[in-house]
Peer 1: 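Can you keep this structure in mind? I'll have questions shortly.
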Amino acid sequence: MNENKNLEKADKNYIWHPFTQMQDWAHEQPVIISEGEGSYLKDIRGKEYIDGVSSIWVNIFGHRKKEINDAISEQLGHIAHSTLLGLTNIPAIQLAERLVGILRSSFSMHSSLLNKVFYSDNGSTSVEVALKMAFQYWKHKSVEGKHTFLSLENAYHGDTLGAVSVGGIDMFHKTFEPILFKTYRAPSPYCYRCSSDMDYPECGHACIQKMEEILQQHHTEIAGVIIEPLIQAAGGMIVAPQGYLARVRELCNAYNVLLIADEVATGFGRTGRMFACEHENVLPDIICLSKGITGGYMPLAATVAREEIYNAFLGSFRELKTFFHGHSYTGNPLACAAACACLDLFEKEKILHNIQQKIAIFETRLREMGELSHVGNVRNCGLMAGVELVKDRGTKTPYEWEQKMGWNVTHHARDNGVFIRPLGNVIVIMPPLSISTETLDTMLKTIYNAICAVT
Ligand SMILES: *Cc1c(COP(=O)(O)O)cnc(C)c1O
């Protein structure tokens, strides 16, 4: 007991938590996690919680998954880390080959391939890499002036400055405006709160028309369009209407800009397919992968480019076409070994097949939640969902953010054994893909009850 108190005190003394007002944290009783098993987390007092957000969107196969544990232990018996600068290593090679194989079968309708894997260690860096690659690609192609990007309102691509520059969430990003590079911003495909005040499909993708106007005027300045395909996750689980992504691809072709798909959140089965882009049969020029890549075990990311982009960087050393970018832990063998084990599990456990039934249950329960008097909109893409709370359903009036309604609901759920995190007034639900249908049911009931109790 004393030990627990000491841990609590040390946390408050020494840890500065991410996205956290530490003055509030100081008055809270922190939940200190000591173990996990399957879809459950356990704290130092022995209380269990369903991991309703997959430990912030990373976990796929549950905690303490034997095959992943074994792969990491096995790799530890060889070497924990060596560098990809001037050397290479076995797991990094094996993973790159396997990723390209998976991408090939996911996008088999296309003749072009995503087949050049650049490693880094988190989602934000995978985006930085993509942006720098896209910019430098045009330079090498001797196309002048493509010095910026087009991104979306409500976009989230990470917290490093390049990623923040293409971000569109004012609460997180606006403060940093003076130190960001300038980008163009297209409307978010947020049908529930459409900025043109229209309805899908009568709107004919009005938000895309706005994007086209920007491209028409500024394509000579734009190196790439970066988007979170199908669902803008951190922006509030905003699901794009059908056909949106395919239209973005067409525009990129028409205006000679690269399409960067940030699948950091959506990749590895979260949307019901291996990659979100598959739903609309869209091949991006560059794809950013992280979060689920190691099943939520270790930090790892891959920015995978089409061969044509890679080829533009080839030349004699003196031409300085080298991609000057790299991180200390690039291609970390432990993380790559974990990722290989995950790709095995996708096959062995037929994950993509088995989640279809869970998605159906998920959607039925979500529809029930959508009937509640303070739920304005419920949306999902596979096992990623957002439940938007409103003060008034008729007028869609949101709760004032200071009321912390989302936070209150998640707090209630946590007291009742489900750990989830809100995004403002949106309750995010994103369980591990391996969650059992019983646990899925328990989780959704607890969240339903929490919404009823709090709103
Ligand atoms: C989480 C996220 C990122 C950033 O990843 P980190 O590992 O947190 O740096 C980037 N893009 C998207 C779409 C994300 O959801």
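Note that ligands are numbered from 1 as they come in the structure, with each ligand's atoms numbered from 1 the same way. Worth saying up front: this structure is predicted, and the values here are computed from it rather than measured. Atom set for the values below is all heavy atoms of this structure, side chains included, hydrogens, waters and symmetry mates excluded.
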Peer 1: Would you check whether W57 has a nitrogen or oxygen atom less than 3.5 angstrom from a nitrogen or oxygen atom of ligand 1?
Peer 2: no
Peer 1: Pairs of nitrogen or oxygen atoms closer than 3.5 Å, one from N122 and one from ligand 1: do any exist?
Peer 2: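 Yes - when backbone and side-chain N and O of N122 are compared with those of ligand 1, one distance drops under 3.5 Å.
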Peer 1: Without hydrogens or angle criteria, can the side chains of E8 and Q29 be said to hold a donor-acceptor pair below 3.5 Å?
Peer 2: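 Present: a donor and an acceptor within the cut-off.
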Peer 1: Atom 8 (O) of ligand 1: which protein heavy atom is closest, and how many Å away?
Peer 2: S124 OG, 4.5 Å
Peer 1: Which heavy atom of the protein is the closest neighbour of atom 12 (C) of ligand 1, given with residue, atom name and distance?
Peer 2: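 For atom 12 (C) of ligand 1, the nearest protein heavy atom is D262 OD2, 3.4 Å.
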Peer 1: Verify the neighbour count for atom CH2 of W401: are there more than 12 heavy atoms of other residues, nucleotides or ligands below 6.0 Å?
Peer 2: no
Peer 1: Below a 4.0 angstrom heavy-atom separation, can you tell me which part of E228, side chain or backbone, both or neither, approaches ligand 1?
Peer 2: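 The answer is the side chain.
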Peer 1: Does an N or O from K291, backbone or side chain, lie closer than 3.5 Å to an N or O of ligand 1?
Peer 2: yes
Peer 1: Give a yes or no on this: more than 12 heavy atoms of other residues, nucleotides or ligands lie within 6.0 Å of atom CZ of F181.
Peer 2: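 Result for CZ/F181: enclosed.
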Peer 1: Could you tell me, atom by atom, which parts of ligand 1 come under 4.0 Å of a heavy atom of A265?
Peer 2: 15 (O)
Peer 1: Could you check whether any side-chain heavy atom of I33 comes within less than 4.5 Å of a side-chain heavy atom of K42, counting everything from C-beta outward?
Peer 2: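 When only atoms from C-beta onward are counted, K42 and I33 do not touch, as no gap falls below 4.5 Å.
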Peer 1: If you measure only the distance, is there a donor-acceptor pair under 3.5 Å linking the side chains of H219 and N256?
Peer 2: no
Peer 1: Tell me whether the guanidinium CZ or amine NZ of K146 lies under 6.0 angstrom from the six-membered ring centre of F135 and within 45° of its axis.
Peer 2: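 No, K146 and F135 do not form such a contact.
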Peer 1: Do the side chains of E388 and K396 get close enough for a salt bridge, i.e. N-O under 4.0 angstrom?
Peer 2: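 No salt bridge links E388 with K396.
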Peer 1: Hey, which atoms in ligand 1 end up nearer than 4.0 Å to a heavy atom of H157?
Peer 2: 10 (C), 11 (N)
Peer 1: Go through ligand 1 atom by atom and flag the ones less than 4.0 Å from a non-hydrogen atom of G158.
Peer 2: 4 (C), 10 (C)
Peer 1: Please state which protein non-hydrogen atom is closest to atom 7 (O) of ligand 1 and give its distance, to 0.1 Å?
Peer 2: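 Ranked first by proximity to atom 7 (O) of ligand 1 is G123 N, 2.8 Å.
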